[in-house]
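In this chain, numbering begins with 1 at the start of the sequence shown. Remember, it's 1-based here, ligands and their atoms both numbered in the order they're listed.
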Amino acid sequence: MEFRPLGRTNLKVTSVCLGTMTWGQQNSEAEAHEQLSYAISERGINFIDTAEMYPVPGDPRTQGRTEEYIGSWLKARGKRDDLVIASKITGRSQMVWCRDKNIEPRHTRVQIDEAVEKSLRRFQTDYIDLYQLHWPDRAIPGFGFHAFYDYDAEDMVPLEDILESLSRHVEKGNIRHIGVSNEYPWAVMKFLAIAESRGWPRMVSNQCVYNLVSRRFDYSAAEIAMREQVGLLAYSPLAQGYLTGKYEGGKLPAKSRKALFGGFLGRYEGPGAADAIQDCLETARNLGLTPAQFALKFVETRQFVTSNIIGATTMAQLKENIDAHEIEWTSEMEQESRRIQKVHRSPCP
Ligand SMILES: NC(=O)c1ccc[n+]([C@@H]2O[C@H](COP(=O)([O-])OP(=O)(O)OC[C@H]3O[C@@H](n4cnc5c(N)ncnc54)[C@H](OP(=O)(O)O)[C@@H]3O)[C@@H](O)[C@H]2O)c1
């Protein structure tokens, strides 16, 4: 396993991070524990990503289960300090069940306090290594939407207030480091500037979608990642399964994410997506790789990536996905990934 620095902290995380958002919905507690034990004890991964709202899709009946499953595994393991555990506070949304008062999740001080305390309880631990803002507390497009339309510049919790609330938890020792997710360059740079002027903690990472066909990060925050060490924690490296070839030719495997929650995959079904995905699949095979290997190793080898967040619903998938990081990335593979980008750009926002 390769270790990379997490921002400007002294923490080192593996270049593969274990994603968890299927645990509590597609995967049982026993399956979650099996994945954790395999990835951590047998394969040397030290980095786990979760969120207070998980599992997905968000549902009041299941919310919090993923953190609870990690907590029960940590308790049974009895050792915590060799792991880097990341969680996230829900962004503004209709997921009112995340809060005791059934209110819209926002990044106010009161809500940050509530969310941190509840996550700590579910983890049965006294600190979270990386606490992330899941998506911005601003009315801006996200999760596959293309353009800014009617946004209101005033309609937000001020970034300064958010950072102050988070910094109090860092001071208390509840959280060690902070990060953003699905964040735009404007706010990343603002957060850094405020942190510097107020002596508060700086954001250490930006968790965003990134894969062979979703490359918005290249056009936006990649330069910040390189120059400011706010590295990318890349999610959906397999385009939610599309880049494995499992949906090729219209196939719809039983129990797959698309069969269960089709609406989730809309990002990969817009204009240009099918051709780009097919090109990725065929290119991988011509290179002597499985499509998943090509897609995963591509993400891991980007200079601005701190860690690649993989997700799996079976042990066979998990093994294939971790193995993918052991292949050697050749200049031919690099040239092919560049050709794909040149021809198709980034069709899946
Ligand atoms: N910050 C955010 O907003 C955000 C958003 C999304 C995800 N994330 C994080 O990133 C992690 C990974 O995201 P993701 O699940 O979208 O990643 P992904 O790698 O694009 O998709 C993973 C899914 O693809 C299928 N799959 C994985 N490996 C496979 C293989 N080898 N062969 C065939 N199918 C395979 C599985 O679904 P099926 O078996 O159901 O088909 C699996 O759940 C999440 O767990 C979460 O921690 C964060």
Could you tell me which atoms of ligand 1, counted from 1 in the order shown, lie closer than 4.0 angstrom to a heavy atom of [X]?
X      : answer
Lys88  : 1 (N)
His134 : 1 (N), 2 (C), 3 (O)
Gly241 : 21 (O), 24 (O)
Gln207 : 1 (N), 2 (C), 4 (C), 8 (N), 9 (C), 48 (C)

Problem set entry | Nearest option to atom 18 (P) of ligand 1, as decided by whichever heavy atom of Gly245, Ser236, Ala51 sits closest |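 It is Ser236 that holds the nearest heavy atom.
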For this session: Have a look at Gln317, Lys319, Gln293 and point out the one with the heavy atom closest to atom 30 (C) of ligand 1.
Result: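 Looking at heavy atoms only, Gln317 sits closest to atom 30 (C) of ligand 1.
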[X]: heavy atom below 4.0 Å from ligand 1, yes or no?
X      : value
Lys258 : no
Trp135 : no
Tyr247 : yes

Can you find a side-chain donor-acceptor pair between [X] and [Y] that sits under 3.5 Å?
X      : Y      : answer
Glu29  : Trp23  : no
Glu248 : Gln278 : yes
Tyr127 : Arg176 : no
Gln132 : Ser181 : no
Asp218 : Gln341 : no
Thr290 : Glu320 : yes

For this session: First locate atom CE of Met315, then atom CG of Asn27, and finally report the distance between them rounded to the nearest 0.5 Å.
Result: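 Separation between the atoms: 10.5 Å.
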Exercise. In Å and rounded to the nearest 0.5 Å, what is the SG to CG distance from Cys280 to Asn211?
Worked result: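 It is 8.0 Å, given to the nearest 0.5 Å.
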Can you find an N or O of [X] that's nearer than 3.5 Å to an N or O of ligand 1?
X      : result
Asn182 : yes
Asp49  : yes
Gln26  : yes
Ser256 : no
Gly19  : no
Met21  : yes
Leu238 : yes

Please report which non-hydrogen protein atom sits nearest to [atom], along with the residue it belongs to and the distance in Å to one decimal place.
atom                    : answer
atom 46 (C) of ligand 1 : Tyr54 OH, 3.4 Å
atom 20 (O) of ligand 1 : Gln240 N, 2.8 Å
atom 37 (O) of ligand 1 : Thr313 CG2, 3.9 Å
atom 43 (O) of ligand 1 : Arg257 NH2, 3.1 Å
atom 11 (C) of ligand 1 : Ile309 CG2, 3.4 Å
atom 28 (N) of ligand 1 : Asn321 ND2, 2.8 Å
atom 22 (C) of ligand 1 : Gly311 O, 3.5 Å
atom 4 (C) of ligand 1  : Tyr235 CD2, 3.3 Å

Residue part near ligand 1, for [X], under 4.0 Å between non-hydrogen atoms:
X      : value
Val209 : neither
Glu320 : side chain
Thr244 : side chain
Lys246 : side chain

Over all heavy atoms of both residues, which pair between [X] and [Y] is shortest? Give the atoms and the distance, please.
X      : Y      : answer
Glu104 : Gln111 : O-NE2, 3.1 Å
Leu243 : Pro237 : CD1-O, 3.8 Å
Ile48  : Leu36  : CD1-CD2, 3.7 Å
His107 : Ile162 : O-CG1, 3.5 Å

For this session: Would you sort out whether Trp329 and Phe294 count as a ring-ring contact (aromatic ring centres under 6.0 Å, His included), showing the intermediate values?
Result: CA-CA 9 Å; Trp329 186 251; Phe294 181 52; 5.7 Å; yes
For this session: Considering only NZ, NE, NH1 and NH2 on the basic side and carboxylate oxygens on the acidic side, decide whether Lys319 and Glu34 come within less than 4.0 Å.
Result: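 No.
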For this session: Indicate, with yes or no, if the rings of Tyr210 and Tyr235 have centres closer together than 6.0 Å.
Result: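 Centroid distance Tyr210-Tyr235: not below 6.0 Å, so no.
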Exercise. Taking the six-membered ring for Trp, are the ring centroids of His134 and Tyr54 within less than 6.0 Å of each other?
Worked result: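 Distance test on ring centres: under 6.0 Å, yes.
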